[in-house]
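Contents: one structure, followed by commentary.
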2 protein chains.
Amino acid sequence: MKSQVQGQALSDLRQKSEGVASLLKHLSHPPRLLILCALAEGELSVGDLEQACGASQSSVSQFLKAMKMEGLVEARRDGKQVYYKIADQRVVKLMKSLYQIFCR
Amino acid sequence: MKSQVQGQALSDLRQKSEGVASLLKHLSHPPRLLILCALAEGELSVGDLEQACGASQSSVSQFLKAMKMEGLVEARRDGKQVYYKIADQRVVKLMKSLYQIFCR
DNA sequence: TTAATATATTATTATATCATAATATAAAGA
DNA sequence: TCTTTATATTATGATATAATAATATATTAA
């Protein structure tokens, strides 16, 4: 029985390397990883995310903009606040995997 | 029953965000992702990896050096060739997860 | 010892990303 | 309308990363 990561299986990942690498780039920076950690628990406002990741308002807003452009998150305004949540379920799965691999 | 990615569980990942983000940075660039894809199948020479990822000899060597410094891969010389393999089993697990999430 | 091959190193330039400051917009309340 | 609060945008300089070229090292074989 073949491993998941072998033969044809892996070449699938190869074909998708541009997109997957692009997505992973958002996770490859501590404040952005923390933002997605926090969002994996549910919807949060920009201010909440500033607290969660320790970056400045401007930085958080810029990170969220980039993630939104990539389709990772989506935004909803409620009064003065804007709430973000994860829009790509693959990101949720990935966060769970990261937890399993690095926090067990 | 709690999700894996909630409460205390997530704060574990938060504590480790520097290290995890640093590891993910190596995966966040297509040629490096392809190198680790290829190595997930087993040990390969630098020349093999040049083929697998399409980057230049110098680039591949530099990428491998960085990955080795981070403990992701290890090297063994056999004659003129140097063979690399994945040294950190978390990387193998991560490649399997990436396959499951992005290639299913 | 010389030549050929595989890999590593160094230097350099180009590009991308990060962090910050300053300013702008949008909503709510006085 | 004016102020306050929350978020977004823009511009900038600093730093990091990427890609390339040139050179160095190590191994093998002639």
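Chain identifiers are assigned alphabetically (A, B, ...) following the order of the sequence lines, protein sequences preceding nucleic acid strands; residue numbering begins at 1 within each chain.
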(Q) Give me the atom names and distance for the closest heavy-atom approach of B:Ala55 to B:Ser59. (A) CB-CB, 4.1 Å
Q. Hey, are A:Glu70 and A:Lys25 close enough for a salt bridge, meaning a charged N less than 4.0 Å from a carboxylate O?
A. no
**Q.** Check: B:Ser45 side chain, C:dT7 base, donor-acceptor under 3.5 Å
**A.** no
Q: Take atom NE2 of A:His26 and atom C1' of C:dC18, then tell me their distance rounded to the nearest Å.
A: 15 Å
**Q.** Interatomic distance, A:Ile35 CD1 vs C:dC18 C1' [rounded to whole Å]
**A.** 13 Å
(Q) I'd like to know if A:Glu74 and A:Lys85 make a salt bridge, using a cut-off of under 4.0 Å between side-chain N and carboxylate O. (A) yes
Q) Are B:Gln62 and B:Ser58 close enough that a side-chain donor and a side-chain acceptor fall under 3.5 Å? A) yes
Q) Contact class for A:Ser56 (heavy atom, under 4.0 Å): base, sugar-phosphate, or nothing? A) base
Q | Pair of N/O donor and acceptor under 3.5 Å linking C:dT20 base with A:Ser59 side chain | A | no
**Q.** Protein-nucleotide distance (A:Leu49, atom CG; D:dA6, atom P), rounded to Å
**A.** 14 Å
Q | Backbone of B:Ile101 reached by a side-chain donor or acceptor of A:Arg90 within 3.5 Å | A | no
Q) Considering only heavy atoms and no angle criterion, is a donor-acceptor pair shorter than 3.5 Å present between the side chain of B:Gln62 and the base of D:dT20? A) yes
Q.
For A:Phe63 together with A:His29, are the ring centres under 6.0 Å from each other?
A. yes
**Q.** Under 3.5 Å donor-acceptor, B:Arg77 side chain and B:Gly79 backbone
**A.** yes
Q) Hey, does the side chain of B:His29 come within less than 4.0 Å of D:dT17's phosphate (OP1/OP2), counting only N and O? A) no
**Q.** Base D:dA19 paired with B:Ser58 side chain (donor-acceptor, <3.5 Å)
**A.** no
Q.
For a quick check of understanding: with a heavy-atom distance under 4.0 Å over all strands, which category does A:Tyr84 fall into, base, sugar-phosphate or nothing?
A. sugar-phosphate
Q.
Measure CG/A:Leu33 against P/C:dC18 and give the value in whole Å, please.
A. 13 Å
Q | B:Arg32 side-chain N/O to D:dT17 phosphate OP1/OP2 under 4.0 Å | A | no
Q.
Using whole Å, what does the distance between atom C1' of nucleotide D:dT5 and atom CG of A:Asp48 come to?
A. 14 Å
Q) Has the side chain of B:Gln57 got a donor or acceptor atom sitting under 3.5 Å from an opposite partner on the base of C:dA8? A) yes
Q.
Below 4.0 angstrom, which residues in residues 63-81 of chain B have at least one non-hydrogen atom near DNA chain C?
A. B:Lys65, B:Lys80, B:Gln81
Q | Euclidean distance, atom NZ of residue B:Lys25 to atom P of D:dA16 [Å, nearest integer] | A | 9 Å
